[in-house]
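One-based numbering along the sequence shown. Only this structure's heavy atoms are used, side chains among them; waters, hydrogens and symmetry mates stay out.
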Amino acid sequence: KFSKVEQGYYYTFNSLLALQVFFELGLLTVMAQFAAHEFAFLSWGNNGDIEGKEEHCERFHDLLGKGLKWYAVSAVLLILVLVPTGLYFFEQSDSTTVDFSWRLPWSLAVVGVSCNLLLIPFYAVITGSGDVASVNRREMLGGITSSIIGWIVIVCGGGLYAIPAITSGTILIGVVYLFKSKRRLIVSAFSRAFGGETRPDHISWWGEVWPMQWKIALSWISGYFVFQIFTPVLFKFHGSIIAGQMGMTLSVLNAVQNVYLMWLNARAPDLAKLVAQKKWDDLDTLFGRVLKQSFFVFIFISILTVLVLVMVKQYTVLGARFLPTRVVVIWLIAVAANLFISAWAIYMRAHKKEVLMLQSIVAAVLCCTSTVLLGRAYSSIGIAVGYCLITTLYGLPSAYLCLRRVKLQHQ
């Protein structure tokens, strides 16, 4: 339903919306880890009540309240900064010649993302508590609902309005789930975020959370320049059509990555609890088993993806919407390396530490430089080769050395 130009705008929108990492600053990961350590001594009651030792219960609620306050401020700042930034970026391109609406869809998309930020602290602590099944169920229903809403908008000729429509579906399911299952958690969060007393047993934000958060924030910001810059660079130097091909291909590769990450993310709270209990042998056994499962799933999905893509290119007109198959294969090699890097990062963050900060910054500088220089000169193939070499020759070995350092501390 989209023209090739409109497709380019669609995926460039999504890449620029990922700039939200500059506002949340990695707090999602930090809150999940801190919640997991507190919930090793707690359990869920009815309607979102928390049961267990009062000290850990207070710290859990205080963490959520302070996290909600952080995301509320971030949501406002995101709208004030990202709306004009995006308008300026697209105004510098061929936006004056396109025959579809993009200014209002962009503004609505930013507002939708900012509203969704308010849900993140709730699902961060719920994930950290170990209730991964209900979180995944919510994400599944949200994904189905938002996809259907987005498809309806596209079929009806809504074009880029599909992006805010998709976000609205995710928000709808997220809010319904919280009011249905965790209503008392909502009340507690808002009362502590915008009122309430401070107690000695509360979370010390600057003393406990911030020392981990600023390191993860730098890692997440670095991740933007590693994973999200490809489409805007191609949009800038080679136009919206090739940017759309990159975005379409990356959406498939991100789906592959999300599948194997499911095994790892589902076990992240369990890993954190084992760290809190100092059960090092159980920790390594569980992690090794989950990593193997993820790797075999990745191999199967990758082979299937390449085969399907070859068939789509050969037998349908949609094949022209993707990058060449050789570029996809190069990219999958980098995705395989990222599997291990992501897994090791989850293992290390279970210790409430961000060891990969320096590695992430160096990787971001290398990837950003490679993407701009090789992307400008050689388009998508240059970006793919540069990214693959940096990930396999620098990212993988440097992350492994960090992992070894963390494991040595168990001895």
Side-chain angles (χ1 to χ4, degrees), residues 2-22 81-103 105-106 109-110 159-160 163 221-254 309 313 318-335 338 361-392 394-395:
F2 284 4
S3 67
K4 291 181 180 179
V5 173
E6 195 170 14
Q7 177 179 304
Y9 273 74
Y10 179 89
Y11 286 111
T12 307
F13 268 28
N14 286 326
S15 291
L16 293 181
L17 289 172
L19 285 167
Q20 72 181 68
V21 300
F22 287 83
V81 174
L82 209 53
V83 169
T85 299
L87 292 174
Y88 175 79
F89 177 84
F90 289 106
E91 288 285 3
Q92 304 307 306
S93 65
D94 55 356
S95 58
T96 55
T97 61
V98 299
D99 58 354
F100 52 83
S101 174
W102 64 269
R103 292 176 181 82
W106 167 253
V110 174
L160 297 177
I163 296 179
I221 291 171
S222 300
Y224 179 87
F225 292 103
V226 174
F227 302 113
Q228 297 291 341
I229 199 174
F230 312 121
T231 304
V233 166
L234 288 176
F235 190 98
K236 178 69 175 177
F237 294 126
H238 297 279
S240 55
I241 294 178
I242 187 67
Q245 292 174 339
M246 173 64 80
M248 190 85 155
T249 305
L250 288 181
S251 69
V252 174
L253 296 176
N254 288 337
L309 188 58
K313 282 184 165 294
L318 289 177
R321 299 295 183 103
F322 294 90
L323 294 175
T325 306
R326 67 181 184 278
V327 178
V328 176
V329 173
I330 294 171
W331 217 280
L332 280 171
I333 296 172
V335 173
N338 271 326
I361 294 174
V362 174
V365 172
L366 293 174
C367 283
C368 191
T369 304
S370 168
T371 298
V372 173
L373 296 180
L374 297 181
R376 184 172 189 173
Y378 303 105
S379 191
S380 60
I381 185 69
I383 291 178
V385 171
Y387 175 65
C388 184
L389 289 175
I390 292 169
T391 305
T392 54
Y394 170 73

Task: Minimum heavy-atom distance between G375 and I383, given as atom pair plus value - done: CA-CG1, 3.5 Å
Open item on the list: Would you say that F13 contacts T231 through its side chain, given a criterion of any heavy-atom pair below 4.5 Å between the two side chains?
Closed with: no
TODO: Locate the shortest heavy-atom distance separating A363 from I390; write the atom from each residue and the value.
DONE: O-CG2, 4.5 Å
Task: Separation between CE of M248 and CG of L253, rounded to the nearest 0.5 Å - done: 12.0 Å
Task: Nearest heavy atoms of K4 and A320, plus distance in Å - done: NZ-CB, 4.1 Å
Task: Side chain proximity check, W331 to L250, heavy atoms < 4.5 angstrom - done: yes
- [ ] Determine, step by step, whether Q245 and I242 satisfy the side chain to side chain contact (heavy atoms under 4.5 Å, CB included) criterion, reporting the C-alpha distance in whole Å, the side-chain angles of both residues, the deciding distance to 0.1 Å, and the verdict.
- [x] CA-CA 5 Å; Q245 292 174 339; I242 187 67; 3.0 Å; yes
Task: Heavy-atom closest contact (F89 atom, P232 atom, distance) - done: CZ-O, 4.0 Å
Task: Geometric class of the W102/F90 ring pair [parallel <30°, tilted 30-60°, perpendicular >60°] - done: tilted
Task: Approximate separation, where rounding is to 0.5 Å, of N14 CG and Y9 OH - done: 15.0 Å
Open item on the list: Measuring centre to centre across the rings, with the benzene-like ring taken for any Trp, is F100 within less than 6.0 Å of F2?
Closed with: no
Open item on the list: If you count heavy atoms of other groups shown closer than 6.0 angstrom to OH of Y378, is the number above 12?
Closed with: no
Task: Heavy-atom check, side chain of I163 versus side chain of L17, under 4.5 Å - done: yes
Task: T249 side chain vs L323 backbone, donor-acceptor pair below 3.5 Å - done: yes
Task: Value rounded to 0.5 Å, distance of SG in C367 from CZ in F230 - done: 6.0 Å
- [ ] Measure the shortest side-chain to side-chain distance between W106 and L82 over non-hydrogen atoms and say whether it is less than 4.5 angstrom.
- [x] yes
Task: Backbone of L16 reached by a side-chain donor or acceptor of Q228 within 3.5 Å - done: no
Open item on the list: Is there a side chain to side chain contact (heavy atoms under 4.5 Å, CB included) between T392 and I333? Walk through the geometry before answering.
Closed with: CA-CA 8 Å; T392 54; I333 296 172; 4.2 Å; yes
TODO: Kindly give the heavy-atom pair with the smallest separation between S240 and V5, and that separation in Å.
DONE: OG-CG1, 3.2 Å
Task: Contact check, side chains of V372 and F237, non-hydrogen atoms, under 4.5 Å - done: yes
TODO: Count the heavy atoms belonging to other residues, nucleotides or ligands that lie under 6.0 Å from NZ of K313, then report whether that count exceeds 12.
DONE: yes
Task: Residue list, side-chain hydrogen bond (donor to acceptor under 3.5 Å, both in side chains) with Q20, at least two apart or on another chain - done: E24
- [ ] Would you check if the side chain of S370 reaches a backbone N or O of L366 as a donor-acceptor pair within less than 3.5 Å?
- [x] no
Open item on the list: Which heavy atom of A384 sits nearest to which heavy atom of V327, and what is that distance?
Closed with: CB-CG1, 3.7 Å
Open item on the list: How about CZ on R376, more than 12 heavy atoms from neighbouring residues, nucleotides or ligands closer than 6.0 Å, or not?
Closed with: no
TODO: Find out whether V328 and F322 are in side-chain contact, i.e. whether some heavy atom of one side chain is under 4.5 Å from a heavy atom of the other.
DONE: no
TODO: Working to the nearest 0.5 Å, report the span between OG1 of T391 and CG of N338.
DONE: 5.0 Å
- [ ] Rounded to the nearest 0.5 Å, what's the gap from CZ on F22 to OG1 on T85? Could you check?
- [x] 11.0 Å
Open item on the list: For the OG1 atom of T371 and the CG atom of L234, what is their distance to the nearest 0.5 Å?
Closed with: 8.5 Å
